[in-house]
Amino acid sequence: AAPARIAVSRTNALGASTEDLRASSMTAAASRLRLATAAPATKRVSHRHAARMCGIIGIYRQEGAASAELYEGLLMLQHRGQDSAGMVTFDGKRFMEKKDNGLVANIFDKKSIDSLAGSVGIGHVRYPTAGGLSATEAQPFFVNSPLGIYLIHNGNLTNADELTNSLGGRMMKTSSDSEVLLNVFAEDVNKELRANPDADVDKIVFDAVTHTMKKVKGAYSCITMVNQVGLFAFRDPNGIRPLVLGQRKAVSDEDKDEWCVASEDSAFGPLGFSRVRDVNPGEAILITEEGKMVSRQCVNAELSPCIFEYIYLARPDSTLNSISVYEFQLELGRRLARRIKKREWEIDVVVPVPDGSRPSAIEIAGELDLPYREGLVKNRYVGRTFIMPDQRTRELSVRRKLNAMRSVFNGKKVLLVDDSIVRGTTMSQIVQMCRNAGALEVYLASAAPPVKHPNVYGVDMPSRQEFVAHQRSEEEVCEYLGADGLIYQSVEDMLQAGRSMNSQIERFDASCFDGDYVSGDIDEAYLEALSSGGRGKGRKGS
């Protein structure tokens with residue numbers, strides 16, 4: 001069978017239902033009214049919903065359906081989002097889409113997978129946000145003009161309101177900043193098509209995304225499907241959120257390549273793709289309809305990835321920006337062990353808080369020459385508490401999620417190791433669980449430094465008031481959590497651990513730990529608005 005082509009007429013490309021179409025422009029009168037009534041662009045937090053932590057994947061096959069492999073890839077990225085999932089494929093004539101709230105396995109059954117025909121497709125998982133969102137805000141998003149473009153996005157735009165005001169006559173259906181990004185890109189494609197009607201369409205999208213990158217601020221790793229062009233991916237100039245390229249040979253013809261682009265390369269293994277490299281910051285990559293990979297460095301860039309990816313967000317079997325997540329977590333444990341030794345605590349056993357702290361806890365136990373024990377049993381069918389949408393849900397979830405084994409804790413002085421302590425909701429309850437299981441003393445070690453500053457680049461930590469370390473000393477946090485001792489990783493040790501594994505990275509985004517925002521456009525007024533009127537409104541710590 002011939003490969004599915006994306007070069008088809010615009011009419012045939014619009015096979016999705018009419019509710020998925022977006023008006024490309026408003027009437028002249030409505031447009032003038034919008035511009036006249038729009039508030040002046042000011043530097044303030046967007047009230048649009050951020051994409052938050054998400055997982056994205058795109059697959060190009062020479063033949064055969066992409067939907068089943070997209071499904072498998074989304075399962076491998078499910079840890080990045082448990083609130084909603086979506087998928088769209090292209091069969092050479094039509095786009096086919098399905099998205100809804102829920103887990104990947106609950107949304108897609110065999111019937112829906114079979115209905116998503118086509119050898120090219122993209123998929124997305126999203127985690128919940130404060131207040132909850134309807135399924136209409138699940139990705140992918142679509143615009144029918146120009147060409148017909150679908151987009152999925154991981155990150156958060158820090159100037160979404162400014163961009164919205166600049167769009168003039170473009171109408172959007174949701175409050176998502178990802179839809180804003182899609183429309184900005186679509187408008188730039190439209191301008192390029194009008195200015196250069198005879199230009200090669202591949203050049204058009206590269207030129208367009210160059211303009212987009214110069215306007216958009218914040219974090220964005222994106223994969224798009226563009227009618228008449230192909231699978232098109234790009235990453236922000238700081239490379240804050242990850243994006244990785246994979247490749248394999250076609251089964252029917254080893255001279256032809258097939259491609260995968262995903263948030264993490266852990267999605268590649270089950271699909272038979274081999275890691276090629278990270279998509280560079282400020283770079284765009286096009287997989288043409290014939291399967292040729294073309295790339296362009298669109299803007300000047302400096303890699304400054306989010307270090308919280310390695311601590312909490314990414315799977316340990318992923319390699320991001322040439323740094324193994326697992327090896328990074330082991331190094332955090334070695335460095336933290338040196339600090340623990342200076343405390344001279346009397347400890348009988350080291351216990352990890354599953355799952356992300358295991359590598360660090362193993363190294364700490366080894367360095368301290370102490371037994372390592374799995375004393376907390378996890379219920380695999382309860383979601384990650386950190387990405388639960390509200391405080392009450394998180395608190396109830398902790399008690400369903402973990403159970404302390406008396407045989408490990410009874411009569412012991414225990415060192416609990418966690419990958420990070422953000423709100424303290426989980427940890428305070430775990431400490432009490434350990435005491436109820438007979439622990440004589442409970443000491444805490446966090447493989448990450450204290451979280452003290454909001455994250456503005458796609459992780460749901462918008463308000464200082466919700467952090468347990470906000471305006472508290474280490475001793476005060478320890479008392480609040482009910483522990484006998486507490487130690488954090490130092491910011492400098494954390495950053496040195498990362499630099500030791502990739503010397504080309506001079507600066508990580510560690511803004512939630514040190515308040516240094518790599519995009520350079522975040523000030524105190526923005527953070528205050530984020531906390532009081534935006535994503536953090538009404539949210540308090542545990």
Side-chain angles (χ1 to χ4, degrees), residues 3-4 6 54-81 87-90 104 118-125 140 150-154 220-226 230-235 239 241-281 283-297 303 305 309-310 313-327 502:
I6 298 184
C54 301
I56 60 176
I57 186 171
I59 292 176
Y60 170 91
R61 296 185 56 158
Q62 292 287 348
E63 60 183 14
S67 57
E69 293 191 329
L70 286 170
Y71 173 84
E72 293 294 334
L74 289 178
L75 289 177
M76 294 296 289
L77 298 173
Q78 185 77 86
H79 62 286
R80 299 187 69 88
M87 191 188 304
V88 62
T89 58
F90 190 78
V104 173
S119 59
V120 185
I122 56 177
H124 182 273
V125 289
Y150 267 98
L151 175 141
I152 49 180
H153 164 222
N154 176 28
Y220 51 93
S221 287
C222 302
I223 309 173
T224 71
M225 281 202 305
V226 185
L231 196 68
F232 188 63
F234 55 95
R235 192 178 181 197
R241 294 281 152 243
L243 197 61
V244 192
L245 177 67
Q247 180 185 28
R248 71 184 181 193
K249 294 297 180 182
V251 174
S252 59
D253 187 347
E254 290 193 355
D255 292 331
K256 294 183 178 180
D257 294 317
E258 297 182 331
W259 301 91
C260 182
V261 185
S263 296
E264 299 181 36
D265 60 0
S266 57
F268 294 165
L271 305 178
F273 287 95
S274 297
R275 175 190 173 90
V276 177
R277 62 179 177 86
D278 297 282
V279 177
N280 292 320
E283 181 186 27
I285 287 180
L286 169 65
I287 309 300
T288 69
E289 53 198 29
E290 294 80 22
K292 180 182 178 182
M293 194 277 284
V294 184
S295 66
R296 180 198 287 187
Q297 186 64 42
L303 179 60
E309 287 278 353
Y310 303 93
L313 306 182
R315 286 172 56 117
D317 53 341
S318 292
T319 297
L320 308 177
N321 308 296
S322 301
I323 298 175
S324 162
V325 174
Y326 185 72
E327 293 297 330
N502 185 344

Do the non-hydrogen side-chain atoms of [X] and [Y] ever get within less than 4.5 Å of each other?
| X | Y | value |
| --- | --- | --- |
| Arg241 | Leu313 | yes |
| Val104 | Leu77 | no |
| Leu320 | Val244 | yes |
| Ser221 | Arg235 | yes |
| Met293 | Gln247 | no |
| Leu151 | His153 | yes |

Could you tell me whether the side chain of [X] and the main chain of [Y] form a donor-acceptor pair under 3.5 Å?
| X | Y | value |
| --- | --- | --- |
| Trp259 | Leu245 | no |
| Thr89 | Gly118 | no |
| Glu72 | Ser67 | no |

Could you go through the side-chain hydrogen bond (donor to acceptor under 3.5 Å, both in side chains) check for Gln62 and Ser252 one step at a time? CA-CA 9 Å; Gln62 292 287 348; Ser252 59; over 6 Å; no
[X] and [Y]: which non-hydrogen atoms are nearest, and at how many Å?
| X | Y | value |
| --- | --- | --- |
| Ser263 | Cys54 | OG-O, 4.0 Å |
| Glu290 | Tyr60 | C-OH, 3.2 Å |
| Gln78 | Gly81 | NE2-O, 2.6 Å |
| Ala66 | Val120 | CB-N, 4.0 Å |
| Val325 | Pro316 | CG1-CA, 3.8 Å |
| Asn502 | Ser322 | ND2-CB, 3.9 Å |

Who passes salt bridge (charged side-chain N to carboxylate O under 4.0 Å, His left out) against [X], sequence neighbours left out?
| X | result |
| --- | --- |
| Glu264 | Arg80 |
| Glu258 | Arg248 |
| Arg277 | Glu283 |
| Lys249 | Asp257 |

Taking side chain to side chain donor-acceptor pair (under 3.5 Å) as the definition, give me every residue that meets it alongside Asp317, ordered by chain and number, with sequence neighbours left out. Arg315
With sequence neighbours left out, the residues meeting side chain to side chain donor-acceptor pair (under 3.5 Å) with Arg296 are Asp207
When you look at Leu70 and Ile57, which way does the side chain to side chain contact (heavy atoms under 4.5 Å, CB included) test go after all the steps? CA-CA 7 Å; Leu70 286 170; Ile57 186 171; 4.0 Å; yes
Excluding sequence neighbours, so at least two apart, what forms side-chain contact (heavy atoms from CB on, under 4.5 Å) with [X]?
| X | answer |
| --- | --- |
| Asp253 | Asp255, Lys256 |
| Pro305 | Leu303, Tyr310, Asn321, Ile505, Phe508 |
| Ala284 | Phe206, Val209, Phe232, Phe234, Cys298 |

Applying side chain to side chain contact (heavy atoms under 4.5 Å, CB included), run through Val294 and Lys292 and close with a yes or a no. CA-CA 6 Å; Val294 184; Lys292 180 182 178 182; 4.1 Å; yes
Check each of Ile152, Ile59, Asn154 against Ile223 using the side chain to side chain contact (heavy atoms under 4.5 Å, CB included) test, and report the only one that passes. Ile152
Under 3.5 Å donor-acceptor pairs involving side-chain atoms of residues 268-275, not counting sequence neighbours:
residue: Arg275; atom: NH1; partner: Asp265; partner atom: OD2; Å: 3.0
residue: Arg275; atom: NH1; partner: Thr319; partner atom: O; Å: 2.6
residue: Arg275; atom: NH2; partner: Asp278; partner atom: OD1; Å: 3.4
residue: Arg275; atom: NH2; partner: Asp278; partner atom: OD2; Å: 2.6

For Tyr220, what residues pass the ring pair (Phe, Tyr, Trp, His ring centres under 6.0 Å) criterion, not counting sequence neighbours? none
